[in-house]
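What you see is a predicted model, and the numbers here were worked out from it, not measured in a lab. Values below: every heavy atom of this structure, side chains too, minus hydrogens, waters and symmetry copies.
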Amino acid sequence: MKVKLDKSNCIKTIFILLILFSIGISSSFCQTVFMPISEIKPGMKGIGKTVFHGTQAETFQVDIIDIVKNEGEVGNFILANLSGDKIKESGGISEGMSGSPVYINGQLIGAVSYAWEMSEHNLCLVTPIQEMLEIFNLPYNDHTALSGHNANNSLIFTYDKANKIKVKNLEKNRNFSELANSEEVIFSPIVSPVIINGMKGRTFERLGNSLKKFNLVPVQGIGLKVNNGDNFQKVGESLSNKIEAGSAIGIQLTRGDINIISIGTVTYREGNKILALGHPFLKKGEVSLLLSSVYIYHSLPNMVMPFKLGTPLNLVGKIIQDREAGILAILNSYPRVIPCKIQVTNVDSGLVYQMGIQVINDYDLLEPLVSNAAVQIIDNALDRIGAGTAQIDIEIKGEKMGQVLLRKNMYHSSSDIALQVICEIPEMIDLIANNYFEMINLNAINIDIKVDHQKKIGRIEEVVLEESSINPGDYLKLKIKIRPFRGEFIEKNLTVQIPPDTPNSEALLMVYGGKEAENQEEELANNGKKDNLSLEETFKDFSDRPRGNQVIGEVVVYSNELPFEEKNNDDSFEKKEEKDLIISKIETDMVIEGYLEIPFTILKN
């Protein structure tokens, strides 16, 4: 008997069978790779993976104590005890272990994420893998959590301040001796300290104070490792150090002459995506942070909690999500960074010092990172902290035409010239980040500084007007006597043109040094933000502000008439100051102090 096959139906049948087979394989894969929290029971034993030294992950033992429920909300943790020779040698759970994958019977259950401080450092919370996979956006999503699992409801948790977890032991849980007599235990994220290479002394302390508001603790680094075929400036995974579950990774804030890094551990990798930490880093949601491979030197003991000390190797990818359950990164794809070049010339020695760093594109961290980098290179150039005179030239550029903010200035300080000369950097970055007009993606920060130990200052001693009255449209001419510090008088000429439409009135000439104008800069900046109609105007207004080495002549014109509603009952008038000021400036080679006023008259036209 012959059977005639329909070719199209046959192809459809085969296609359907292939789909069903692939779904079965996928389902089987998920069940094999992951163990849902509903299957985890107290007393189960497993292993974890992390790097204790070098770049290769090693194992440790894990004992499951119980499941901890979130009080009133969705979400759970797995309470576990870690042990083994490597854990003992390290002094217990170390900061930098967060993200270390935990397996039971070869199935991934989650990531070591929180630890009990001020203890023997063996007790931890494990973030369940299904909660981390929600960041990963994988089809596997087990919301049954505790369904079918006889969890001990005596253990519940709430979120405490600074991302800490408070576990309440309502019925004196006996599954672990350390919990028996504790009503509550505070677990902290096992966040690695921020390891800083390239900054020291006061810049290290200053940056550390800025990072504390992000719950980041600074630790002084011990240098960069460049042997074994790895170099921190290389890009991409190395053949000898593939990124996999248990690998040490670094979240880098800067790289180059200054390297700032926080260490964590990879929990799971699929293709070019990885999950890590099991807790947030800064909890900023969508981010664009540098991800590097890391060499671990050692786990250093500490009363609060031991921590891994390491150094960045290759740049391997970018972090794109920073969420409650961990971070998500893409390998072999790299974030936008802001190149920052700083040059400092020590005028006394003639030596030039240069620094180049790449800074993450995060405006909250950009200012403290750039400002302290500038202070560090000035300290390196001077090899001292103290008095001096400095000129600074700052250029901050966006990627679009017209997005350029320039500023030149000159400063003198009798105590700390390095801190004085950077004083406008925070305001410039704030202006770029919070301007009302458009988003700016920065692509360059260039800073050039010249520092001199000499006291290059001068004081305005006398101002002489050629005439005490002037016609509208004419130039007000004045001679200014300046006394340099311990020097002979010098004379400067300044002219200020009176607008042709200025009415007959009394006026006041104010002559002052740029140093005096520093007190007015905040008011000038605020006025600029209100009045300017474009980004270019805002930037120009900032760039044209008085500088420390300028002599400024400012004319205030008074009106003899007031609007009708401002008249007094007896029809008398009060002088009213005009809003538009007439300003002229001249440059000098020193920081100018002093303030003088001279009244004069503007005649009828």
Indicate yes or no: at least one non-hydrogen side-chain atom of [X] is less than 4.5 angstrom from one of [Y].
X	Y	answer
Ile357	Asn259	no
Leu328	Ile274	no
Ile447	Ile377	no
Leu289	Phe281	yes
Leu509	Leu476	yes
Ile417	Val451	yes
Ile263	Ile195	yes
Val287	Asp362	no

What pairs with [X] under side-chain contact (heavy atoms from CB on, under 4.5 Å), at least two apart in sequence or on another chain?
X	value
Lys455	His412, Ile457, Phe485
Glu462	Val464, Lys481
Met439	Tyr363, Asn441
Ser210	Pro368

Identify, with sequence neighbours excluded, every residue that meets salt bridge (charged side-chain N to carboxylate O under 4.0 Å, His left out) alongside [X].
X	answer
Arg323	none
Asp589	none
Lys397	none
Lys456	Asp452

key: Residue list, side-chain hydrogen bond (donor to acceptor under 3.5 Å, both in side chains) with Ser262, at least two apart or on another chain   =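 Expected list: none.
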ask   = How would you list, by chain and number, every residue that makes a side-chain hydrogen bond (donor to acceptor under 3.5 Å, both in side chains) with Glu597, sequence neighbours excluded?
value =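 Per chain and number, Glu597 pairs via side-chain hydrogen bond (donor to acceptor under 3.5 Å, both in side chains) with Tyr595.
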Shortest non-hydrogen contact between [X] and [Y], atoms and distance:
X	Y	answer
Pro335	Gly317	CD-O, 3.9 Å
Val496	Ser584	CG2-CB, 3.7 Å
Cys340	Val370	SG-CG1, 4.2 Å
Ile440	Gly398	CG2-CA, 3.9 Å
Asn332	Tyr334	CA-OH, 3.6 Å
Ala390	Ile449	CB-CG2, 4.4 Å

request  = Mark yes or no for whether Asp348, through its side chain, and His453, through its backbone, hold a donor-acceptor pair below 3.5 Å.
outcome  =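 Such a contact is found between Asp348 side chain and His453 backbone.
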message = side-chain contact (heavy atoms from CB on, under 4.5 Å), that's the test. Do Phe489 and Ile482 meet it? Break it down for me.
response = CA-CA 6 Å; Phe489 274 118; Ile482 299 171; over 6 Å; no
Basic-acidic side-chain contact under 4.0 Å: [X], [Y]:
X	Y	result
Glu427	Arg545	yes
Lys283	Glu324	yes
Arg407	Glu395	no
Glu286	Lys284	no

key: Option from Gln252, Arg255, Lys234 for which side-chain hydrogen bond (donor to acceptor under 3.5 Å, both in side chains) with Ser292 holds   =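 Output: one option passes, namely Gln252.
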Please check if any side-chain donor atom of [X] sits under 3.5 Å from a side-chain acceptor atom of [Y], or the reverse.
X	Y	result
Gln403	Glu536	no
Tyr475	Glu466	no
Thr601	Glu506	no
Arg547	Asn409	no
Tyr512	Glu554	yes
Gln420	Ser413	no
Asn380	Gln376	yes

Step-by-step side-chain contact (heavy atoms from CB on, under 4.5 Å) determination, Ile338 to Gln358 = CA-CA 6 Å; Ile338 303 170; Gln358 292 178 335; over 6 Å; no
request  = For residues 484-496, pull every pair meeting salt bridge (charged side-chain N to carboxylate O under 4.0 Å, His left out), keeping only residues two or more places apart or in separate chains.
outcome  =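 Applying salt bridge (charged side-chain N to carboxylate O under 4.0 Å, His left out) to every pair that reaches into residues 484-496, excluding sequence neighbours, yields nothing.
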request  = May I have all residue pairs that pass salt bridge (charged side-chain N to carboxylate O under 4.0 Å, His left out) and include part of residues 368-383, sequence neighbours excluded?
outcome  =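 Qualifying pairs, neighbours excluded: Arg202-Asp379.
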inquiry  = Checking Ile261 against Val194 for the side-chain contact (heavy atoms from CB on, under 4.5 Å) test, could you report, in this order, the C-alpha distance in whole Å, the side-chain angles of both residues, the deciding distance, and whether it holds?
reply    = CA-CA 5 Å; Ile261 187 171; Val194 176; over 6 Å; no
Among Asp430, Ile360, Ile445, the one residue meeting side-chain contact (heavy atoms from CB on, under 4.5 Å) with Leu366 =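 Output: one option passes, namely Ile445.
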Audit row: Phe204, Asn372, side-chain contact (heavy atoms from CB on, under 4.5 Å) steps and yes/no = CA-CA 8 Å; Phe204 173 83; Asn372 285 292; over 6 Å; no
